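Lettering follows sequence order; numbering is per chain, from 1. Given the structure is predicted, the values throughout are model-derived calculations rather than measurements. Reckoned from all heavy atoms, side chains included, excluding hydrogens, waters and symmetry mates.
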Number of protein chains: 2
Amino acid sequence: MIRMTQAEDLARLAGLLADRTRATFCVALLDGRAWTANELAAEAGVAASTASEHLTKLLAGGLVVERRQGRHRYVQLADPRIGQLLEDLTSHAGPPKAIGLKQVTRNKALAQARTCYDHLAGRLGVAITDGLTERGFLSQDFAFTPNGLHWLETLGADPDRLRGTRRPLAKACLDWTERRSHLGGAAGAFLCTHFQDQGWIKRVGTSRAVRVTEPGHRALNDLLGIA
Amino acid sequence: MIRMTQAEDLARLAGLLADRTRATFCVALLDGRAWTANELAAEAGVAASTASEHLTKLLAGGLVVERRQGRHRYVQLADPRIGQLLEDLTSHAGPPKAIGLKQVTRNKALAQARTCYDHLAGRLGVAITDGLTERGFLSQDFAFTPNGLHWLETLGADPDRLRGTRRPLAKACLDWTERRSHLGGAAGAFLCTHFQDQGWIKRVGTSRAVRVTEPGHRALNDLLGIA
DNA sequence: AGAACAGTTCGGCCGCGGCCGAAGTGTCGC
DNA sequence: GCGACACTTCGGCCGCGGCCGAACTGTTCT
């Protein structure tokens, strides 16, 4: 019976998500960030030891990948396709009633513009990345050009200080609503906080979605040609 | 914490599939058929009482719908989208290695032409249905016209005998690779066996996929204008 | 009416798996 | 070096849930 194993595989995969704590981990990881084990433990409200065991299972199941770095264990979703699958599942998982407009528009808002850890993702994130590339500020391999560094300075950034940390100045971060890379790294984080400080974008409620304000639309158009 | 409930919903949905027996049920139901409780119990190798409990859970979870008929409880997937979701899951659930070409072509073969219980589904199934409709053999509401009955007789069928059973002669059966209905019922089953007897189609290995032979191509073109 | 059959409910058994705290390993910073 | 910290391993507790057989309801067939 070959089909038996198919059912078993399905059960095993589903079993990984069938636990409150592991599901909480996965939902958290949907933001695309790499989380540490302790952060996830706190998010789900369980002991570190418990979280460690769950992460080992998720890893063995291939849902997440890890990156050991010093005494930290960073974990993130293994593959954009896993993120897609999780989002499909959660969209079916909602309460049977009220499948309606709210969820859809909420998802649309997230796809439109959201934060990914500390920088901008979604359609807005890739639009910014495209704008930077078109203007010759960012090279194809996600490195800032001299012109790009100057542009950052005009916004009030100090490239040397941004580069002082371990963190790379610019980094490609994969986005699965767009299936393309957007700008992460120290520069991505700077732009996100700067845009917020200027009142160009506003967080929607407590979610990860953000909204571009009226002045924001004008500024982004002037700066990067984003309509 | 609103996001908590989201994780809980995900865990609840996954929990439905996280059991060997329920997963076996769902994989079986992927053929689109409505199964009785006993059939499913036999398929999974559990007692009828156990199957009954599982079906109640799947029903409550909205994964399946039931149709009570006499002393039978027919169960089938609630929605083509559920079938889609299950297929997505099983494609991720396979062994980590060998994700390659084989699976893809296998799925393509299934989408192309397959059996759905005892009749034909997939692209071939809907092509046959279209051919019957275009030639005026089948009405829009899936009933055979006088011409259609005569056509069945020319193939060697006995419409009166086919109608003798409880089973409807023609029945619409929803197909989720095509997202349209194809011909089920006694006539659908007759055509499937007849095509096989004539050597027009051949089962691929032990799977549900079928392949149209060379003579089959010619015959189907002559009979129903299927290229 | 009686027998056969499909499905359901209930009680009880059993094992799996999630949880924690305590103790242990490796890393970083002073 | 020492303490602080991130994480892991282990032992033990506990409850949930899957499983069955037995008894029951309701339908169909003769």
Side-chain angles (χ1 to χ4, degrees), chain A residues 4 7-8 10-29 33-61 63-76 164-167, chain B residues 4 7-8 10-29 33-61 63-76 164-167:
Chain A
M4 228 32 169
E8 270 167 22
L10 173 59
R12 189 164 22 242
L13 173 61
L16 285 176
L17 302 172
D19 173 75
R20 223 190 102 98
T21 302
R22 283 194 297 267
T24 305
F25 285 7
C26 288
V27 170
L29 287 167
R33 249 183 91 198
W35 293 55
T36 68
N38 264 357
E39 284 173 328
L40 288 170
E43 173 80 9
V46 293
S49 57
T50 305
S52 176
E53 287 166 357
H54 284 306
L55 287 180
T56 304
K57 289 186 184 177
L58 289 175
L59 190 68
L63 287 185
V64 303
V65 290
E66 68 175 15
R67 198 177 75 236
R68 304 259 175 170
Q69 197 167 301
R71 55 185 169 184
H72 294 281
R73 177 194 211 177
Y74 287 99
V75 162
Q76 71 184 357
T165 67
R166 298 262 162 112
R167 200 168 177 200
Chain B
M4 224 38 166
E8 271 167 22
L10 173 59
R12 191 165 19 243
L13 173 61
L16 285 176
L17 302 173
D19 173 76
R20 222 191 104 98
T21 302
R22 283 194 298 268
T24 305
F25 286 7
C26 289
V27 170
L29 288 167
R33 245 184 93 201
W35 293 55
T36 68
N38 264 357
E39 285 172 327
L40 288 171
E43 172 82 8
V46 294
S49 56
T50 305
S52 176
E53 286 166 357
H54 284 306
L55 287 180
T56 304
K57 288 186 186 179
L58 288 175
L59 189 69
L63 287 185
V64 303
V65 290
E66 67 174 17
R67 198 178 73 237
R68 305 259 175 171
Q69 197 167 302
R71 57 184 169 182
H72 293 281
R73 178 196 210 177
Y74 287 99
V75 162
Q76 72 184 2
T165 68
R166 295 269 158 110
R167 199 169 177 201

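Within the 4.0 Å cut-off from OP1 or OP2 of dG7(C), at least one side-chain nitrogen or oxygen of N38(B) is found. In this model, the phosphate group of dA6(C) is not approached by any side-chain N or O of R68(B) to a distance below 4.0 Å at OP1 or OP2. Not one side-chain nitrogen or oxygen of T21(A) sits closer than 4.0 Å to the OP1 or OP2 atom of dG18(C).
In this structure, F25(A) atom CZ and dG18(C) atom C1' are separated by 12 Å, rounded to whole Å. To the nearest angstrom, C1' of dC7(D) lies 11 Å from CD of E66(A). Regarding L40(B), its CG atom lies at a distance of 9 Å from the P atom of dG7(C), rounded to whole Å. Residue L58(A) contributes atom CG, which lies 16 Å from atom C1' of dT8(D) at whole-angstrom precision. R73(A) places its CZ atom 8 Å from the P atom of dT9(D), with the value rounded to the nearest Å. We find that CZ of R20(B) is positioned 13 Å from P of dG17(C), with the value rounded to whole Å. E39(A) has its CD atom 14 Å from the C1' atom of dC7(D), to the nearest Å. Nucleotide dC16(C) holds its P atom 17 Å from the CG atom of D19(A), rounded to whole Å.
In this structure, the side chains of F25(B) and E43(B) stay at 4.5 Å or more apart for every pair of heavy atoms. Contact annotation: the side chain of W35(A) never approaches that of Q76(A) to less than 4.5 Å [non-hydrogen atoms, C-beta and beyond]. L58(B) is listed as a side-chain neighbour of C26(B), based on a closest heavy-atom distance under 4.5 Å. Residues R73(B) and T36(B) are not in side-chain contact: their nearest non-hydrogen atoms beyond the backbone lie 4.5 Å or more apart. Between L63(B) and L17(B), some side-chain heavy-atom pair lies under the 4.5 Å cut-off. Using a 4.5 Å heavy-atom threshold, the side chains of V75(B) and L59(B) count as separate.
Within a heavy-atom distance below 4.0 Å of DNA chain C, the residues of residues 46-57 of chain B found are A48(B), S49(B), S52(B), E53(B).
Checking G15(A) against Q69(A), the closest nucleotide of DNA chain C that is more toward the 5' end is the one next to G15(A).
With T50(A) contributing its side chain and V46(A) its backbone, the two residues share no donor-acceptor pair below 3.5 Å. The backbone N or O of G15(A) sits less than 3.5 Å from a side-chain atom of R22(A), completing a donor-acceptor pair.
Each end of the helix from dA1(C)-dT30(D) to dC30(C)-dG1(D) gets its own axis, taken as the rotation carrying the C1' atoms of four end pairs onto the next four within a five-pair window, and the two axes meet at 30° to the nearest 10 degrees.
To the nearest 0.5 angstrom, H72(A) atom NE2 is 5.0 Å from Y74(A) atom OH.
Between the side chain of R71(A) and the base of dC5(D) there is at least one donor-acceptor pair of N/O atoms closer than 3.5 Å.
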